[in-house]
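Written below as C-alpha coordinates is the structure these notes are about.
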Amino acid sequence: MSQITKIQWCHSTVNPIMGCGGCELFRTPNEVVSDLDNTIGWAKGRSRLALQKLVDQTFSAVPDPKVGHTSALSSTNIWHLREPFLDLVLQASGREAAEAAALVISRAVACYAARLHLNKAASIVNPSRCTNPGYAPVFERVTRFPGRVAAMASAADLLGSKPQGKPWLDGLCRLIFVSDMGDAFSRSIDFDFMETDVIPAIRSEAGRRHFWLWLTKRPTRMGQFAKRLGKLPENICAMTTITGPDSLSRVDELREVNASVRGLSIEPLRERIAPERLNLNGVSWVILGGESGPKDHVHPFDLAWASELRDACHEQGAAFFLKQLGRSPVSEGRSLHLKDSHGGDWAEWPEKLRIREIPLEIRNYRRSTNREANRLMRNSKCS
(Lines give C-alpha, C1' and ligand atoms only; values in the text may rest on other atoms or scores of the structure.)
Protein backbone atom coordinates (compact mmCIF):
# COMPACT_ATOMS: atom_id res chain seq x y z
CA MET A 1 0.00 0.00 0.00
CA SER A 2 1.30 3.43 -0.91
CA GLN A 3 -0.56 6.62 -0.01
CA ILE A 4 1.81 8.59 -2.24
CA THR A 5 2.93 7.25 -5.61
CA LYS A 6 4.92 8.57 -8.55
CA ILE A 7 2.37 7.07 -10.95
CA GLN A 8 1.00 10.13 -12.72
CA TRP A 9 -2.67 9.20 -13.00
CA CYS A 10 -3.43 8.51 -9.35
CA HIS A 11 -2.60 9.59 -5.81
CA SER A 12 -2.18 6.17 -4.21
CA THR A 13 -1.89 2.44 -4.86
CA VAL A 14 -3.15 -0.65 -3.04
CA ASN A 15 -2.81 -4.38 -3.69
CA PRO A 16 -5.24 -6.71 -1.94
CA ILE A 17 -3.66 -9.48 -4.01
CA MET A 18 -0.04 -9.62 -5.17
CA GLY A 19 1.29 -11.74 -8.00
CA CYS A 20 -0.15 -12.71 -11.37
CA GLY A 21 -1.16 -15.71 -13.41
CA GLY A 22 0.82 -14.45 -16.41
CA CYS A 23 0.23 -12.31 -19.50
CA GLU A 24 2.09 -11.00 -22.54
CA LEU A 25 4.32 -8.97 -20.18
CA PHE A 26 5.06 -11.95 -17.94
CA ARG A 27 5.19 -14.91 -20.27
CA THR A 28 4.70 -18.52 -19.21
CA PRO A 29 7.66 -20.91 -19.07
CA ASN A 30 6.26 -22.86 -22.03
CA GLU A 31 6.19 -19.69 -24.12
CA VAL A 32 9.70 -18.69 -23.04
CA VAL A 33 11.37 -22.03 -23.83
CA SER A 34 9.55 -22.23 -27.17
CA ASP A 35 10.77 -18.74 -28.09
CA LEU A 36 14.29 -19.65 -26.98
CA ASP A 37 14.42 -22.77 -29.17
CA ASN A 38 13.15 -20.83 -32.18
CA THR A 39 15.50 -17.90 -31.62
CA ILE A 40 18.63 -19.94 -30.94
CA GLY A 41 17.85 -22.47 -33.64
CA TRP A 42 17.77 -25.43 -31.27
CA ALA A 43 15.60 -28.50 -31.61
CA LYS A 44 12.26 -28.28 -29.84
CA GLY A 45 12.65 -29.01 -26.14
CA ARG A 46 16.39 -28.44 -25.86
CA SER A 47 16.04 -25.15 -23.94
CA ARG A 48 13.57 -26.77 -21.56
CA LEU A 49 15.93 -29.66 -20.80
CA ALA A 50 18.89 -27.34 -20.24
CA LEU A 51 16.97 -24.96 -17.99
CA GLN A 52 15.30 -27.73 -16.00
CA LYS A 53 18.70 -29.29 -15.33
CA LEU A 54 19.97 -25.94 -14.03
CA VAL A 55 16.88 -25.54 -11.84
CA ASP A 56 17.24 -29.04 -10.37
CA GLN A 57 20.93 -28.55 -9.64
CA THR A 58 20.39 -25.15 -8.03
CA PHE A 59 17.36 -26.16 -5.98
CA SER A 60 19.09 -29.28 -4.67
CA ALA A 61 21.79 -27.04 -3.18
CA VAL A 62 19.29 -24.87 -1.22
CA PRO A 63 19.93 -25.76 2.44
CA ASP A 64 16.54 -24.70 3.81
CA PRO A 65 13.88 -24.22 1.09
CA LYS A 66 11.30 -21.57 1.92
CA VAL A 67 7.98 -20.55 0.39
CA GLY A 68 8.74 -19.53 -3.18
CA HIS A 69 11.75 -21.80 -3.56
CA THR A 70 10.76 -24.48 -6.05
CA SER A 71 12.29 -26.93 -8.49
CA ALA A 72 9.62 -26.05 -11.06
CA LEU A 73 10.58 -24.57 -14.42
CA SER A 74 8.98 -21.21 -13.65
CA SER A 75 9.49 -17.84 -15.31
CA THR A 76 11.07 -16.63 -12.07
CA ASN A 77 13.59 -19.48 -12.06
CA ILE A 78 14.37 -18.95 -15.74
CA TRP A 79 15.13 -15.31 -15.01
CA HIS A 80 17.37 -16.02 -12.02
CA LEU A 81 19.26 -18.72 -13.92
CA ARG A 82 19.60 -16.78 -17.14
CA GLU A 83 23.35 -16.21 -16.84
CA PRO A 84 24.41 -19.88 -16.61
CA PHE A 85 21.89 -20.72 -19.32
CA LEU A 86 23.28 -18.01 -21.62
CA ASP A 87 26.77 -19.39 -20.97
CA LEU A 88 25.55 -22.74 -22.26
CA VAL A 89 24.09 -21.08 -25.35
CA LEU A 90 27.34 -19.18 -25.92
CA GLN A 91 29.37 -22.38 -25.77
CA ALA A 92 26.98 -24.37 -27.97
CA SER A 93 25.80 -21.81 -30.52
CA GLY A 94 27.94 -18.67 -30.33
CA ARG A 95 27.71 -15.09 -29.17
CA GLU A 96 25.00 -13.96 -31.59
CA ALA A 97 22.67 -16.74 -30.42
CA ALA A 98 23.41 -15.95 -26.76
CA GLU A 99 22.63 -12.25 -27.26
CA ALA A 100 19.37 -13.12 -29.02
CA ALA A 101 18.43 -15.50 -26.19
CA ALA A 102 19.15 -12.77 -23.62
CA LEU A 103 16.71 -10.50 -25.41
CA VAL A 104 14.02 -13.23 -25.36
CA ILE A 105 14.37 -13.69 -21.59
CA SER A 106 14.44 -9.95 -20.89
CA ARG A 107 11.31 -9.29 -22.94
CA ALA A 108 9.56 -12.25 -21.35
CA VAL A 109 9.61 -10.37 -18.03
CA ALA A 110 8.65 -6.86 -19.13
CA CYS A 111 6.11 -6.24 -16.35
CA TYR A 112 7.55 -3.81 -13.80
CA ALA A 113 5.66 -5.54 -10.96
CA ALA A 114 7.22 -8.85 -11.96
CA ARG A 115 10.68 -7.31 -12.08
CA LEU A 116 10.24 -5.87 -8.58
CA HIS A 117 9.25 -9.32 -7.35
CA LEU A 118 12.36 -10.78 -8.98
CA ASN A 119 14.44 -8.40 -6.84
CA LYS A 120 12.44 -8.50 -3.61
CA ALA A 121 10.90 -11.97 -3.44
CA ALA A 122 12.36 -15.49 -3.23
CA SER A 123 15.20 -16.81 -5.38
CA ILE A 124 16.79 -20.27 -5.38
CA VAL A 125 19.96 -18.65 -6.70
CA ASN A 126 20.24 -16.53 -3.55
CA PRO A 127 18.08 -18.43 -1.04
CA SER A 128 19.39 -16.66 2.07
CA ARG A 129 18.61 -13.12 0.96
CA CYS A 130 16.04 -11.13 2.91
CA THR A 131 12.74 -11.00 1.08
CA ASN A 132 10.07 -8.31 1.36
CA PRO A 133 7.13 -9.70 3.38
CA GLY A 134 4.78 -7.30 1.60
CA TYR A 135 5.32 -9.10 -1.72
CA ALA A 136 4.11 -12.45 -2.99
CA PRO A 137 6.75 -15.17 -2.36
CA VAL A 138 7.33 -15.15 -6.14
CA PHE A 139 5.28 -13.37 -8.78
CA GLU A 140 3.63 -16.59 -10.01
CA ARG A 141 2.34 -17.37 -6.52
CA VAL A 142 -0.82 -15.23 -6.30
CA THR A 143 -1.13 -14.15 -2.67
CA ARG A 144 -3.89 -12.43 -0.69
CA PHE A 145 -3.21 -9.60 1.76
CA PRO A 146 -6.31 -9.03 3.91
CA GLY A 147 -7.02 -5.59 5.35
CA ARG A 148 -5.01 -3.53 2.90
CA VAL A 149 -8.02 -1.97 1.18
CA ALA A 150 -9.66 -1.15 4.51
CA ALA A 151 -6.44 0.56 5.64
CA MET A 152 -6.31 2.56 2.40
CA ALA A 153 -9.99 3.51 2.76
CA SER A 154 -9.10 5.24 6.04
CA ALA A 155 -6.53 7.47 4.30
CA ALA A 156 -7.13 11.22 4.40
CA ASP A 157 -9.76 12.73 2.14
CA LEU A 158 -7.99 14.68 -0.61
CA LEU A 159 -11.07 16.35 -2.07
CA GLY A 160 -10.22 19.92 -3.07
CA SER A 161 -6.48 19.48 -2.51
CA LYS A 162 -3.61 20.15 -4.90
CA PRO A 163 -1.11 17.26 -5.00
CA GLN A 164 2.45 18.44 -5.52
CA GLY A 165 3.69 17.79 -9.04
CA LYS A 166 0.35 16.55 -10.38
CA PRO A 167 -1.73 19.61 -11.35
CA TRP A 168 -4.05 17.47 -13.50
CA LEU A 169 -5.35 15.93 -10.24
CA ASP A 170 -6.06 19.28 -8.58
CA GLY A 171 -9.34 19.33 -6.67
CA LEU A 172 -10.12 15.65 -7.11
CA CYS A 173 -10.81 13.13 -4.39
CA ARG A 174 -8.11 10.53 -3.78
CA LEU A 175 -7.65 8.31 -6.86
CA ILE A 176 -6.42 4.86 -5.83
CA PHE A 177 -4.87 2.46 -8.34
CA VAL A 178 -5.88 -1.08 -7.35
CA SER A 179 -3.54 -3.89 -8.43
CA ASP A 180 -0.42 -2.20 -9.74
CA MET A 181 1.63 -5.10 -8.34
CA GLY A 182 -0.34 -8.03 -9.67
CA ASP A 183 -3.71 -9.05 -11.07
CA ALA A 184 -6.45 -9.67 -8.51
CA PHE A 185 -8.48 -11.46 -11.19
CA SER A 186 -5.84 -14.10 -11.93
CA ARG A 187 -8.06 -16.68 -10.21
CA SER A 188 -11.81 -16.96 -9.74
CA ILE A 189 -11.19 -18.68 -6.38
CA ASP A 190 -10.35 -15.23 -5.00
CA PHE A 191 -13.90 -13.92 -5.58
CA ASP A 192 -14.99 -14.78 -2.02
CA PHE A 193 -12.00 -12.92 -0.58
CA MET A 194 -12.63 -9.85 -2.72
CA GLU A 195 -16.34 -9.85 -1.89
CA THR A 196 -15.72 -9.99 1.87
CA ASP A 197 -12.44 -8.06 2.20
CA VAL A 198 -12.20 -5.60 -0.70
CA ILE A 199 -15.70 -4.53 -1.71
CA PRO A 200 -17.00 -3.71 1.82
CA ALA A 201 -14.03 -1.37 2.34
CA ILE A 202 -14.69 0.41 -0.96
CA ARG A 203 -18.41 0.70 -0.13
CA SER A 204 -17.77 1.90 3.41
CA GLU A 205 -18.30 5.51 4.44
CA ALA A 206 -14.53 6.03 4.42
CA GLY A 207 -14.05 4.19 1.13
CA ARG A 208 -16.73 6.24 -0.65
CA ARG A 209 -14.61 9.36 -0.20
CA HIS A 210 -12.15 7.95 -2.75
CA PHE A 211 -12.30 6.71 -6.34
CA TRP A 212 -10.78 3.29 -7.00
CA LEU A 213 -9.15 2.55 -10.36
CA TRP A 214 -9.12 -1.25 -10.67
CA LEU A 215 -6.91 -2.65 -13.44
CA THR A 216 -6.84 -6.20 -14.82
CA LYS A 217 -5.72 -8.05 -17.92
CA ARG A 218 -8.67 -10.39 -17.39
CA PRO A 219 -11.77 -8.23 -17.94
CA THR A 220 -13.96 -11.28 -18.58
CA ARG A 221 -13.27 -12.48 -15.05
CA MET A 222 -13.82 -8.97 -13.72
CA GLY A 223 -17.18 -9.01 -15.50
CA GLN A 224 -18.07 -12.29 -13.81
CA PHE A 225 -17.23 -10.77 -10.45
CA ALA A 226 -19.29 -7.65 -11.20
CA LYS A 227 -22.24 -9.86 -12.17
CA ARG A 228 -21.91 -11.69 -8.86
CA LEU A 229 -22.19 -8.33 -7.06
CA GLY A 230 -24.94 -7.07 -9.35
CA LYS A 231 -22.72 -4.15 -10.33
CA LEU A 232 -19.37 -2.78 -9.26
CA PRO A 233 -19.65 0.09 -6.75
CA GLU A 234 -20.10 3.49 -8.39
CA ASN A 235 -16.70 4.65 -7.14
CA ILE A 236 -14.81 1.99 -9.09
CA CYS A 237 -13.43 2.56 -12.58
CA ALA A 238 -13.15 -0.86 -14.26
CA MET A 239 -9.97 -0.93 -16.34
CA THR A 240 -8.02 -3.29 -18.55
CA THR A 241 -4.57 -3.24 -20.16
CA ILE A 242 -3.91 -3.21 -23.90
CA THR A 243 -0.36 -3.57 -25.23
CA GLY A 244 -1.02 -3.78 -28.96
CA PRO A 245 -3.51 -4.91 -31.60
CA ASP A 246 -3.34 -8.53 -30.39
CA SER A 247 -4.98 -7.62 -27.09
CA LEU A 248 -7.79 -5.41 -28.44
CA SER A 249 -10.36 -8.12 -27.68
CA ARG A 250 -10.08 -7.03 -24.04
CA VAL A 251 -11.89 -3.80 -24.91
CA ASP A 252 -14.99 -5.76 -25.93
CA GLU A 253 -14.69 -7.83 -22.76
CA LEU A 254 -14.40 -4.66 -20.66
CA ARG A 255 -17.63 -3.32 -22.17
CA GLU A 256 -19.39 -6.31 -20.62
CA VAL A 257 -18.29 -5.32 -17.11
CA ASN A 258 -21.22 -3.73 -15.27
CA ALA A 259 -19.51 -0.57 -14.01
CA SER A 260 -20.24 3.15 -13.88
CA VAL A 261 -16.89 4.05 -15.47
CA ARG A 262 -14.48 2.10 -17.67
CA GLY A 263 -10.94 2.86 -18.75
CA LEU A 264 -8.02 1.49 -20.74
CA SER A 265 -4.35 1.43 -19.83
CA ILE A 266 -2.57 1.17 -23.16
CA GLU A 267 0.78 0.72 -21.53
CA PRO A 268 3.26 -0.25 -22.59
CA LEU A 269 2.18 0.20 -26.19
CA ARG A 270 4.57 -2.09 -28.07
CA GLU A 271 3.26 -1.64 -31.59
CA ARG A 272 0.87 0.64 -33.45
CA ILE A 273 -2.86 0.33 -32.93
CA ALA A 274 -4.70 1.63 -35.97
CA PRO A 275 -7.15 4.25 -34.66
CA GLU A 276 -10.03 2.79 -36.67
CA ARG A 277 -9.63 -0.47 -34.73
CA LEU A 278 -10.01 1.19 -31.33
CA ASN A 279 -13.72 1.22 -30.48
CA LEU A 280 -14.17 3.33 -27.35
CA ASN A 281 -17.92 2.94 -27.03
CA GLY A 282 -18.59 2.67 -23.30
CA VAL A 283 -14.98 3.60 -22.43
CA SER A 284 -14.39 6.96 -20.72
CA TRP A 285 -10.63 7.03 -20.24
CA VAL A 286 -7.51 6.02 -22.18
CA ILE A 287 -4.11 6.12 -20.48
CA LEU A 288 -1.18 5.69 -22.86
CA GLY A 289 2.50 5.07 -22.32
CA GLY A 290 5.70 3.78 -23.87
CA GLU A 291 7.72 0.92 -22.44
CA SER A 292 10.27 1.37 -19.67
CA GLY A 293 12.94 -1.15 -18.72
CA PRO A 294 16.46 -1.99 -19.90
CA LYS A 295 17.32 0.44 -22.68
CA ASP A 296 18.47 -2.11 -25.24
CA HIS A 297 15.51 -4.43 -24.68
CA VAL A 298 12.42 -2.18 -24.78
CA HIS A 299 10.17 -1.72 -27.78
CA PRO A 300 10.28 1.70 -29.48
CA PHE A 301 7.37 4.08 -28.91
CA ASP A 302 6.53 6.22 -31.95
CA LEU A 303 5.06 9.62 -31.07
CA ALA A 304 2.87 9.33 -34.17
CA TRP A 305 1.05 6.45 -32.45
CA ALA A 306 0.31 8.74 -29.50
CA SER A 307 -0.98 11.50 -31.77
CA GLU A 308 -3.28 9.10 -33.62
CA LEU A 309 -4.76 7.70 -30.42
CA ARG A 310 -5.13 11.17 -28.91
CA ASP A 311 -7.25 12.18 -31.91
CA ALA A 312 -9.23 8.94 -31.75
CA CYS A 313 -10.04 9.57 -28.09
CA HIS A 314 -11.22 13.10 -28.71
CA GLU A 315 -13.30 12.04 -31.70
CA GLN A 316 -15.00 9.34 -29.63
CA GLY A 317 -15.43 11.41 -26.46
CA ALA A 318 -12.91 9.67 -24.21
CA ALA A 319 -10.45 11.46 -21.93
CA PHE A 320 -6.83 11.02 -23.06
CA PHE A 321 -3.91 10.79 -20.64
CA LEU A 322 -0.33 10.40 -21.92
CA LYS A 323 1.63 9.03 -18.99
CA GLN A 324 5.13 8.61 -20.45
CA LEU A 325 7.04 8.24 -23.70
CA GLY A 326 9.02 5.32 -22.33
CA ARG A 327 12.66 4.45 -22.61
CA SER A 328 12.84 4.45 -26.42
CA PRO A 329 10.68 7.23 -27.92
CA VAL A 330 10.88 7.83 -31.67
CA SER A 331 9.78 10.85 -33.68
CA GLU A 332 9.79 10.92 -37.49
CA GLY A 333 12.12 7.95 -37.58
CA ARG A 334 14.66 9.38 -35.14
CA SER A 335 15.30 8.32 -31.54
CA LEU A 336 14.68 10.97 -28.91
CA HIS A 337 17.17 11.27 -26.06
CA LEU A 338 15.38 12.42 -22.91
CA LYS A 339 16.78 13.14 -19.46
CA ASP A 340 13.94 11.27 -17.80
CA SER A 341 14.74 7.59 -18.31
CA HIS A 342 11.02 6.70 -18.44
CA GLY A 343 10.10 9.68 -20.62
CA GLY A 344 7.68 10.83 -17.93
CA ASP A 345 8.65 14.51 -17.76
CA TRP A 346 6.22 16.21 -20.09
CA ALA A 347 8.39 19.34 -20.16
CA GLU A 348 10.55 17.31 -22.58
CA TRP A 349 7.63 16.43 -24.85
CA PRO A 350 6.20 18.21 -27.89
CA GLU A 351 3.58 20.61 -26.56
CA LYS A 352 0.75 18.98 -28.55
CA LEU A 353 1.22 15.77 -26.56
CA ARG A 354 1.17 17.35 -23.10
CA ILE A 355 -2.31 16.06 -22.39
CA ARG A 356 -3.37 14.48 -19.11
CA GLU A 357 -7.14 14.47 -18.93
CA ILE A 358 -9.39 12.92 -16.28
CA PRO A 359 -12.85 11.66 -17.34
CA LEU A 360 -15.86 13.71 -16.29
CA GLU A 361 -17.38 10.80 -14.37
CA ILE A 362 -14.40 10.92 -12.01
CA ARG A 363 -14.11 14.72 -11.99
CA ASN A 364 -17.80 15.05 -11.10
CA TYR A 365 -17.70 12.45 -8.35
CA ARG A 366 -18.53 14.20 -5.06
CA ARG A 367 -18.76 17.50 -6.96
CA SER A 368 -21.47 18.89 -4.67
CA THR A 369 -19.35 17.88 -1.66
CA ASN A 370 -16.42 19.74 -3.14
CA ARG A 371 -18.50 22.89 -3.58
CA GLU A 372 -19.60 22.73 0.04
CA ALA A 373 -16.02 22.19 1.22
CA ASN A 374 -14.88 25.25 -0.77
CA ARG A 375 -17.75 27.33 0.64
CA LEU A 376 -16.87 26.41 4.21
CA MET A 377 -13.20 27.14 3.54
CA ARG A 378 -14.03 30.61 2.17
CA ASN A 379 -16.28 31.37 5.13
CA SER A 380 -13.63 30.29 7.62
CA LYS A 381 -11.11 32.62 5.98
CA CYS A 382 -13.53 35.56 6.21
CA SER A 383 -14.41 35.04 9.87
Side-chain angles (χ1 to χ4, degrees), residues 1-18 20 111-113 148-153 155-159 161 163 166 168-185 194 198-199 201-204 206-219 221-223 225-226 229 231-243 250-251 253-255 257-268 280 282-289 313 318-324 344 356-366:
M1 184 178 78
S2 175
Q3 290 195 13
I4 300 175
T5 178
K6 293 181 180 180
I7 298 173
Q8 290 93 336
W9 47 276
C10 60
H11 300 90
S12 310
T13 63
V14 67
N15 290 276
I17 293 175
M18 301 277 271
C20 178
C111 170
Y112 86 97
R148 283 185 171 181
V149 177
M152 180 57 77
D157 188 359
L158 296 182
L159 189 68
S161 67
K166 298 180 180 179
W168 44 88
L169 300 183
D170 282 359
L172 301 182
C173 65
R174 185 184 294 271
L175 304 187
I176 303 170
F177 180 0
V178 183
S179 293
D180 70 312
M181 291 295 294
D183 194 334
F185 291 98
M194 291 191 287
V198 177
I199 296 301
I202 292 174
R203 283 176 169 163
S204 69
R208 290 197 304 271
R209 298 173 305 154
H210 316 309
F211 215 100
W212 307 76
L213 315 172
W214 203 339
L215 184 66
T216 180
K217 290 187 178 69
R218 296 166 174 83
R221 196 165 286 157
M222 177 184 268
F225 181 65
L229 298 177
K231 183 180 181 180
L232 293 180
E234 65 170 350
N235 58 331
I236 287 180
C237 179
M239 306 182 71
T240 194
T241 299
I242 308 298
T243 56
R250 291 178 188 154
V251 185
E253 296 166 10
L254 182 69
R255 263 188 282 275
V257 179
N258 194 351
S260 300
V261 194
R262 301 181 192 89
L264 301 179
S265 173
I266 307 182
E267 184 200 359
L280 297 176
V283 176
S284 300
W285 200 10
V286 172
I287 299 167
L288 180 64
C313 287
F320 176 78
F321 191 109
L322 185 55
K323 177 190 171 187
Q324 63 185 40
R356 286 176 171 166
E357 300 169 334
I358 309 294
L360 286 176
E361 295 94 332
I362 296 177
R363 285 205 166 276
N364 290 339
Y365 183 69
R366 297 184 63 204

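Along the sequence shown, the residues carry numbers beginning at 1. None of these values were measured; they are calculated from a predicted model.
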Item checked: Heavy-atom side-chain contact between Leu264 and Ile287 under 4.5 Å -> no
Hey, are the side chains of Ile199 and Leu229 touching, using non-hydrogen atoms and a 4.5 Å cut-off? yes
Practice item. Decide, yes or no, whether a salt bridge links Asp183 with Arg218 under the criterion of side-chain N to carboxylate O below 4.0 Å. Key: yes
Tell me whether Arg203 contacts the main-chain N or O of Arg208 through its side chain, where contact means a donor paired with an acceptor under 3.5 Å.
no
| message | Under 3.5 Å, is there a donor on one side chain and an acceptor on the other for Ser284 and Glu361? | response | yes
Next on the checklist: Determine whether a donor-acceptor pair (N or O, by modelled atom type, separation under 3.5 Å) exists between the side chain of Arg262 and the backbone of Val257.
Outcome noted: yes
Worksheet entry | Glu267 and Leu288, any side-chain heavy atoms less than 4.5 Å apart | no
query: Below 4.5 Å, heavy atoms only, C-beta onward: do Ser260 and Lys231 meet side chain to side chain?
result: yes
Side chain of Asn235, backbone of His210: donor and acceptor closer than 3.5 Å? yes
Short N-O contact, Asp170 and Arg363, less than 4.0 angstrom: no
Side-chain donor-acceptor pair present, Ser12, Arg174, cut-off under 3.5 Å:
yes
### Message
Side chains of Thr216 and Met239, heavy atoms from C-beta outward: is any pair under 4.5 Å?
### Response
no
- request: Please work out whether the ring planes of Phe185 and Trp214 are parallel, tilted or perpendicular, with thresholds of 30° and 60°.
  value: tilted
Donor-acceptor pair, distance only, cut-off 3.5 Å: does the side chain of Trp285 make one with the backbone of Glu357?
yes
Practice problem: Ignoring hydrogens and angles, tell me if any N or O in the side chain of Asn258 forms a donor-acceptor pair with the backbone of Leu232 under 3.5 Å. | Solution: no
Can you confirm whether Trp9 sits close enough to Leu175 that some side-chain heavy atom of one is under 4.5 Å from a side-chain heavy atom of the other? no
